Amino acid sequence: MPKNSKVTQREHSGEHVTESVADLLALEEPVDYKQSILNVAGEAGGKQKAAEEELDAEDRPAWNSKLQYILAQIGFSVGLGNIWRFPYLCQKNGGGAYLVPYLVLLIIIGIPLFFLELAVGQRIRRGSIGVWHYVCPRLGGIGFSSCIVCLFVGLYYNVIIGWSIFYFFKSFQYPLPWSECPVIRNGTMAVVEAECEKSSATTYFWYREALDISNSISESGGLNWKMTLCLLVAWSIVGMAVVKGIQSSGKVMYFSSLFPYVVLICFLVRGLLLRGAVDGILHMFTPKLDKMLDPQVWREAATQVFFALGLGFGGVIAFSSYNKQDNNCHFDAALVSFINFFTSVLATLVVFAVLGFKANIMNEKCVVENAEKILGYLHTNVLSRDLIPPHVNFSHLTAKDYTDMYRVIKAVKEDRFSALGLDPCLLEDELDKSVQGTGLAFIAFTEAMTHFPASPFWSVMFFLMLINLGLGSMIGTMAGITTPIIDTFKVPKEMFTVGCCVFAFFVGLLFVQRSGNYFVTMFDDYSATLPLTVIVILENIAVAWIYGTKKFMQELTEMLGFRPYRFYFYMWKFVSPLCMAVLTTASIIQLGVTPPGYSAWIKEEAAERYLYFPTWAMALLITLIVVAALPIPVVFLLRHCHLLSDGSNTLSVSYKKGRMMKDISNLEENDETRFILSKVPSEAPSPMPTHRSYLGPGSTSPLETGGNPNGRYGSSYLLAGTPESEL
C-alpha cells in the first residue's frame, strides 16, 4: 500500500480510519491501458473479449494517406450509373430541368446522410454490423441487411464488368466487329443476317454475339460460355484487388479512380470536335420546366442520389472505419459529393456530345433513304415533279431541303400520304430517343464510336474506363461485405475474401445464361431499391432519434475539433427522414401500380418488347426483397424478447494490475473514470482511448447500462493475497 494511505496511517497510529474504495484507488498510479487487462463481457467465458476489441481498434489497418482514402470513396461512389443512368435520367426528365431536383435532394438528403455514414464509421471504427449494434442494439439487423444488399448488387454488378471485358478484347481489331452486319453465304449467294438487317449492327452484336439472348426470362437457354469466362476473369480481378483488404485495394484505387477521368476528358475534347456535338449538348441543357413539378422526376432523382453516393451499402462505413479519429470527415463528405456530381455532369456532356454526333449521322442516313424513295416515286409517276421545290438538288440534299419536300408532299397528298411510307427525319426525334443502362453503353455509344477515326483506340479506352469504374465500385461493395463480417466474427481475412469471390462466381452463373440479362434487370431495378431505402431511413432514425442528435453532434465536436453546422441537426432530425419516408412510400406505390417487368429481345421480330415478370419470377423478386430486409425485424424481435442478448444490465468490467482487481458493474462513464482512477474525472488520465470503442455483440457501452438497486455502483473491491484484503 502507498505510505500516505489511511490504511498505513491506521497501522502506525492504531486509530480507526474509514476509507472509501474511491480513496484507495485515487492513490493508484496512472495505468497504461495497453499494459493492463480490461475485461468487458456479459458472460464468464468472454472476460478477455473487450481487451481484444480495444487493442484491435488501435491496431486496425489504416489508409496510407488521405489521398488514398479519398480515391477509395470516389471509386466506390462514382460508378457505372454516373456514365449511363444519370445521362438517361437527364434526357428523360427534362434535360437541364432535372438538375434542379437532383441538386436540391443532394443537399437535403445526400450530403447529410453521406456525412452521417462517414462519421459513425470513423467514430466507432467498425463495419456496418458493429456500428449499428453499437448505436442501437435492437436495430443491429441494419448491418446484416446491408451485407445482403451488397451481396445482391455484387452478384450482377460484376457481370456488367464481365461484359465490358468481352467488349474490351473485341476492340482490338479493325474494323470493329459491331460496325457491320454479318453476311451469310449460301453457295454463290450472300445474304445479310435478317435479325441484323431489321435492327442495326451494334444492336445485333450486343444481343446475339455478346449475350446470345433468349426471347424471355422463362427460356434459360443454357450458359453463355464466352460470358462465363469473362465473369471468371472479373471475379479474379476483384479477388486480387481486395484479398489483402485496404493494403491491396488502396493501391488499386490510384489507377482505377483516376483513369476514368483521363478518358472522360479525352472523350469530351474529341466529342466537342465532332459535327453535331453542340446540337446534343444544347438539347440536353434545354430545360423542360414542366418536368420539375412531376413527382416521378423527384422520386427518380432521390433514388439516383443515394445510389450514386453508395448510401446504405456499408462500403462508405467500412472505408471510413480505417480513418484516424481526428480526420475531417465533414470535408470528405462535401468533397466526394461534389466530385460525384461533377463526374455525372461531365459524363452527361460526353454522352450528349457523342449522341449529338450520332443523331446527325442517323438523320443524314434517314434523309438519304427517304430521298431515294421519293426519286422512285418520281420515276414511276406516283409523285409529280411539280411537288419538288425548284431549289432542291438531289445530288447535294440537305436536311432542310428534305424537310421542305416532306411538308409539300404531305400537304398535297394528305389522303394518301401514309401509304408513301416517308419519315420526317427530324434531328430532334433522334435526340429524343432515350436509351438507358446497358443499351446506352453497349449499343448507342458503341455505334457512335464506329464513326470515329481510329475507332478501335477509342473503343479500347472506353471499355477500359468502364472496367475501372466497375472495379472501384466492386471494391467498395466487397468491403461492405467483408469488413463487418471480419470485424464481428473474427474470420481469417484472406480465406473469407477468397471464399466470397468463389461463392459469388458460382451464384453469378445465373446471370450468364442466355436469359441472364433479364435477371440483371430484376436485381438492378427492383431487388435492391426498396431494401436500401429502408436501410437508409433506419440508419437516420437510429442516430437522430434513438442515439440522439444532440449527443451525436457533441461527439462529432469532440472528434472533429469543431461543431458541425446546425444545418445537419435539422436534416438528420426532420428533413431527411421525412423525404426518405416519402420516397419509400412512392416506391411501394409504384410497384403496386406498375407491375414489374423487363425489356425482352424477340429474335424473330428483331425488336424489344416489354414483358411482365411471370409468377415464379415475381415470387423470386419478392423473396429477394424480403431476405434483404428480414434481418432488421428478426434482430429487433430477438432482442426485444430477450432471446438474443444486447448486453443490457449484464456488463461486467474487471481491471487487473498486478495482484489487485476491481469488479465494476453498471457504471456511468464519468463514474467509472472516477471510481478507477480519481475523485474528479477531469483530473484522471483515462486508460481508454479518447473514443468509445465498440464492445462487440453481447456487450454494451457503460452509457447504456442501468443502475443497480443494491447501491449506486453495485461494486465490490477485492485484494487477493495481501494483508489489506481483510478490509
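Owing to the predicted nature of the structure, the values given are computational and were not obtained by experimental measurement.
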How long is the straight-line distance from CG of Leu355 back to CG of Leu274, given to the nearest 0.5 Å? 11.0 Å
In terms of side-chain heavy atoms, does Glu300 have a donor or acceptor partner in Gln296 at a distance below 3.5 Å? yes
Check the angle between the aromatic planes of His283 and Phe352 and answer parallel, tilted or perpendicular using the 30° and 60° thresholds. tilted
Flag for Thr343-Asn82: side-chain donor and acceptor within less than 3.5 Å: no
Measuring only between side-chain heavy atoms, which start at C-beta, is Leu223 closer than 4.5 Å to Leu509? yes
Can we call the ring centroids of Tyr157 and Phe523 under 6.0 Å apart? no
Is it the case that Ser220 and Gln513 place a side-chain donor and acceptor less than 3.5 Å from each other? yes
Donor on one side chain, acceptor on other, Asn215 and Glu604, under 3.5 Å: yes
Salt bridge (charged side-chain N to carboxylate O under 4.0 Å, His left out) for Glu364 and Arg275? Distances and angles first, verdict last. CA-CA 12 Å; Glu364 290 175 0; Arg275 177 171 46 89; 2.4 Å; yes
Take Phe457 and Phe452 through the ring-ring contact (aromatic ring centres under 6.0 Å, His included) test and state the conclusion after the steps. CA-CA 9 Å; Phe457 168 77; Phe452 284 15; over 10 Å; no
If every non-hydrogen atom of Val243 is compared with every non-hydrogen atom of Ser248, which pair is closest and at what distance? N-OG, 3.8 Å
Any donor-acceptor pair under 3.5 Å linking the side-chain atoms of Thr450 with those of Ser179? no
Between atom CE of Met522 and atom CG of Leu620, what is the distance when rounded to the nearest 0.5 Å? 5.0 Å
Less than 6.0 angstrom from the centroid, inside 45 degrees of the normal: does Arg85 satisfy that with respect to the ring of Phe307? no
Applying side chain to side chain donor-acceptor pair (under 3.5 Å) to Arg407 and not counting sequence neighbours gives none
Let's go through Trp163 and Cys230 carefully: what are the C-alpha distance in whole Å and the side-chain angles of both, what is the deciding distance for side chain to side chain contact (heavy atoms under 4.5 Å, CB included) to 0.1 Å, and is it a yes or a no? CA-CA 7 Å; Trp163 295 342; Cys230 290; over 6 Å; no
Could you verify whether a donor N or O on one side chain and an acceptor N or O on the other, from Trp601 and Glu195, lie under 3.5 Å apart? yes
Intermediate values then yes/no, ring-ring contact (aromatic ring centres under 6.0 Å, His included), Phe205 and Tyr167: CA-CA 10 Å; Phe205 187 87; Tyr167 269 79; 5.4 Å; yes
Hey, could you give me each pair passing disulfide bond (SG atoms under 2.5 Å apart) that has a residue in residues 161-195? Not counting sequence neighbours. Cys181-Cys196
Fit a plane to each ring of Phe338 and Phe342, take the angle between them on a 0 to 90° scale, and name the class: parallel (under 30°), tilted (30 to 60°) or perpendicular (over 60°). parallel
Does the side chain of Ile388 come within less than 4.5 Å of Ile374's, by heavy atoms? yes
Set of residues satisfying salt bridge (Lys or Arg N to Asp or Glu O under 4.0 Å) with respect to Asp212, sequence neighbours excluded: Arg208, Arg514
Nearest 0.5 Å, please: how far is CD1 in Ile475 from CD1 in Ile237? 10.5 Å
Separation between OH (Tyr98) and OG1 (Thr348), nearest 0.5 Å, reads 9.5 Å
Hey, are the side chains of Cys90 and Phe86 touching, using non-hydrogen atoms and a 4.5 Å cut-off? yes
Determine yes or no for a side-chain-to-main-chain donor-acceptor pair under 3.5 angstrom, with Tyr518 supplying the side chain and Gly597 the backbone. no
For Phe267 together with Phe445, are the ring centres under 6.0 Å from each other? yes
Side chain to side chain contact (heavy atoms under 4.5 Å, CB included) evaluation trace for Met478 with Cys501: CA-CA 9 Å; Met478 288 298 294; Cys501 292; 4.0 Å; yes
Tell me if the aromatic rings of Phe152 and Tyr156 count as close, with their centers under 6.0 Å from one another. no
Within the 6.0 Å centroid threshold, strictly below: Trp178 and Tyr204: no
Quick check for you: to the nearest 0.5 Å, what is the distance between Leu309 atom CG and Leu106 atom CG? 6.0 Å
Is the gap between the ring centers of Tyr598 and Tyr610 under 6.0 Å? no
Taking the six-membered ring for Trp, are the ring centroids of Phe442 and Trp206 within less than 6.0 Å of each other? yes
Between the side chains of Glu608 and Tyr207, does any donor sit under 3.5 Å from an acceptor? yes
Could you verify whether a donor N or O on one side chain and an acceptor N or O on the other, from Thr521 and Asp524, lie under 3.5 Å apart? no
Short side-chain to backbone donor-acceptor contact, Tyr102 and Gln304, under 3.5 Å: no
